[in-house]
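Counting starts at 1 for both ligands and their atoms, in listed order.
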Amino acid sequence: MKKQIEQLSAYEPGLSPRALKESYGIEGELHKLASNENLYGPSPKVNEAIQAHLDELQYYPETGSPLIKEAISKQLNVDPARILFGAGLDEVILMISRAVLTPGDNIVTSEMTFGQYYHNAIVEAANVVQVPLQNGGFDLEGILSEIDEDTKLVWLCNPNNPTGTYFTHEALSNFLDHVPSHVPVIIDEAYVEFVTADDFPDTLALQQQHANAFLLRTFSKAYGLAGMRIGYVIAPKEAIEKYNIIRPPFNVGRLSEYAALAAFEDQAYLSSIRTRNAEEREKFFELAQSNHFYPSQTNFVFVKTDKPQVLYEALLKVGCITRAFPNGVRITIGFPEQNAAMREVLETFEF
Ligand SMILES: *Cc1c(COP(=O)(O)O)cnc(C)c1O
């Protein structure tokens, strides 16, 4: 067994709604607002697409997800040879780490970001440099100063999970101007479809000047397909060819591919999700208590408190399962009723 695996632990899901009800003695319904899922679910077209392929379950899917690849390639005007799919971004992050990292290499990322960059680097016996956040956001200058000759990957998460904060087009562009061009900068945009800020990076445009800017996107969040497991990376063809060697041949299921295709083709539905989410998000930031929140461009709000467990339990009592961190609580924005109930808790909470 690889020794470094002993430093890690398996992913710990939160308690199930049933277990939570029992241990906290909760009567009413519990809503899961802990994993940034889109509670409205995917476009109704997805259901039809899945139904249409239910008689093909005995066959392996086509390798490489060619239909959704073509759709994305056309829509984003990207060579299909530059796109690779994984069973969610989780698998994409795993494949990139596996292809690139050898013992003694390092990755540079931020503290308090998506945990899989760290996890997969440790599995490959690489070192992880974590730069502290600055006001809840990525400190790009700090990250730049940590890049050295051992750095094989830089991971950025924009907007960031769990804080919800983002960096601008200008900030990313300046950053890329200074990173050595042989170091891949992987930009995870899992929440990009929720963004409403005008100065958010146009990462596809930046890729034209910076071949080392790699882009990650997923169908798990705004598209509402977390259960289908499909996400992708857009990178130079040469990198994709190598990752494709690592990729398990049938990593993305047939129904996942058709579901993603139907969801991707229904941009009107996606846009309605973005609008609804932004309206609900805005209501959190109208609270007098919003000075305790990091600004958010996502479908979640990070509430800073040194009593995260107290807040977590107060939210649970009004039927909302959120996620506690050592320095706060991350609340996924849910349906209006749930959000209103959570705001009432926040209005009287002693931070
Ligand atoms: C949810 C999430 C992912 C993983 O998404 P999957 O495509 O479901 O594996 C990756 N990165 C970030 C920042 C996330 O929040």
Subject >> Residue pairs, two or more places apart or on separate chains, that pass ring-ring contact (aromatic ring centres under 6.0 Å, His included) and touch residues 319-343 >> reply: Y40-F335, F302-F325

Original post:
Under the salt bridge (charged side-chain N to carboxylate O under 4.0 Å, His left out) rule, what pairs show up with a residue in residues 207-223, not counting sequence neighbours?
Top reply: E189-R217

**OP:** Anything with a heavy atom under 4.0 Å from ligand 1 counts, so go ahead and list those protein residues by chain and number.
**Re:** G88, L89, D90, F114, C157, N161, D188, A190, Y191, T218, S220, K221, R229

Subject >> Non-hydrogen side-chain atoms of W155 and D188 separated by less than 4.5 Å >> reply: no

Original post:
Are F200 and F167 close enough that their ring centers fall under 6.0 Å?
Top reply: no

Original post:
Rounded to the nearest 0.5 Å, how far apart are NZ of K3 and CD1 of I5?
Top reply: 13.0 Å

Which donor-acceptor pairs under 3.5 Å do the side chains of residues 344-351 make with protein atoms, sequence neighbours left out?
residue, atom, partner, partner atom, Å
T348, OG1, V345, O, 3.3

